[in-house]
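A quick write-up on the structure given underneath.
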There are 2 protein chains.
Amino acid sequence: MTNRVRRTMPLLPISIVMQLTELTARQIRYYEEHKLISPARTEGNKRMFSLNDVDALLEIKDYLDQGLNIAGIKKLYDLKETPKNEKAEPKSLSDSELRKLLHEELKHQARPFEKGGFRQGDLSRFFN
Amino acid sequence: MTNRVRRTMPLLPISIVMQLTELTARQIRYYEEHKLISPARTEGNKRMFSLNDVDALLEIKDYLDQGLNIAGIKKLYDLKETPKNEKAEPKSLSDSELRKLLHEELKHQARPFEKGGFRQGDLSRFFN
DNA sequence: TTCACATGTTAGAAAACATAACATTTCGTT
DNA sequence: AACGAAATGTTATGTTTTCTAACATGTGAA
């Protein structure tokens, strides 16, 4: 009975994701357009979302509520994806550029990091 | 991260359920027509399935594979739903009638009960 | 063979979703 | 105050998905 769902499996149509996240279709598509999520597509080109996608959307929503903008969230994700390149080759954006960007966003009230990682989006708001 | 999904929440469109169960839309609708499942409906009348519905469909599929027919499966469910009425009022079908029906179906190779209950349909075939 | 059950197939209508364009709101900046 | 950019709303139009209903087919039991 206690199934750990394969959270990457594309199962949910956008209508359900709208309910789960309280986001509009417009918002969800906009976030995809800006590469914050990449939901799967059916053969007929309809978006199908995984539980991970829903978590990501909830996280995005939180960050936006905290005053971050799309670009800022994107940067956070880019950082998150390359945590091991401590002395690696320079990215497309210089470190100073990146820091400047983050600073701009974070001066409002957001605190992007908690020591050790990000707050995970949590579907348990809806499931139990 | 370990979310216990609310398994009764209608989340899945029929196309996904078809993939998960390897049943055709025709089959799924037929089982509903015969009251083996009762998926939710959207405002626009589209079926939306819960994880429990998927489990039920997998169970139905198993029973059919074992030689039961729809009527037999229905009886099993009806029995399952009233386990406490040991001396209750007679149902719409008499006990003998019911036993006869079951016997008819089960003489093939099916064994409807395992001691203590039914085999639960298990979504872990697809999730982990 | 015949009949009933389970499923396949097709047609036509409606719902859901897609993209794209333009409008609106909200803020920070000038 | 006006401007410009970001995020979202709104509308139009086309395609995909799902619906019901009807009829066809395959298969096993009588």
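The chains referred to below are lettered A, B, ... by the order of the sequence lines, with proteins before strands, and numbering in each begins at 1. Because only heavy atoms are used, hydrogens play no part in the values below, and waters and symmetry mates are left out as well, while side chains stay in.
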Q) Could B:Asp53 and B:Arg7 be called an ion pair, given the rule that one side-chain N must be under 4.0 Å from one carboxylate O? A) no
Q: Inspect the contact between A:Glu32 and A:Arg26 and indicate whether a charged nitrogen and a carboxylate oxygen are less than 4.0 angstrom apart.
A: no
If I take atom [atom1] in residue [X] and atom [atom2] in nucleotide [N], what distance separates them, rounded to the nearest angstrom?
X	N	atom1	atom2	answer
B:Ile28	D:dT20	CD1	C1'	16 Å
B:Asn45	D:dT18	CG	P	13 Å
B:Arg41	D:dT17	CZ	P	19 Å
B:Leu23	C:dT7	CG	P	8 Å
A:Tyr30	D:dT10	OH	P	17 Å

Q) Is A:Thr24 near enough to D:dG9 that one of its side-chain N or O atoms lies under 4.0 angstrom from OP1 or OP2? A)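 Yes, such a contact exists.
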Q. Nearest heavy-atom pair of A:Met18 and A:Ile28: which atoms, and what distance?
A. CG-CD1, 3.9 Å
Q) Can you name the one residue among A:Leu12, A:Leu23, A:Ile16, A:Leu11 that meets side chain to side chain contact (heavy atoms under 4.5 Å, CB included) with A:Val54? A)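 With A:Val54 as partner, side chain to side chain contact (heavy atoms under 4.5 Å, CB included) holds for just one option, A:Leu12.
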Q. For the side chain of A:Arg26, counting heavy atoms from C-beta on, which of D:dT18, C:dC5, C:dA21 is nearest?
A. C:dA21
Q) Nearest of D:dA7, C:dA6, D:dT16 to any side-chain atom of A:Asn69? A) D:dA7
Q) Of A:Lys46 and A:Leu64, whose nearest nucleotide on DNA chain D comes first from the 5' end? A) A:Leu64
Q: On DNA chain D, check which nucleotide each of A:Ala25 and B:Met18 is closest to and give me the residue with the more 5' one.
A: A:Ala25
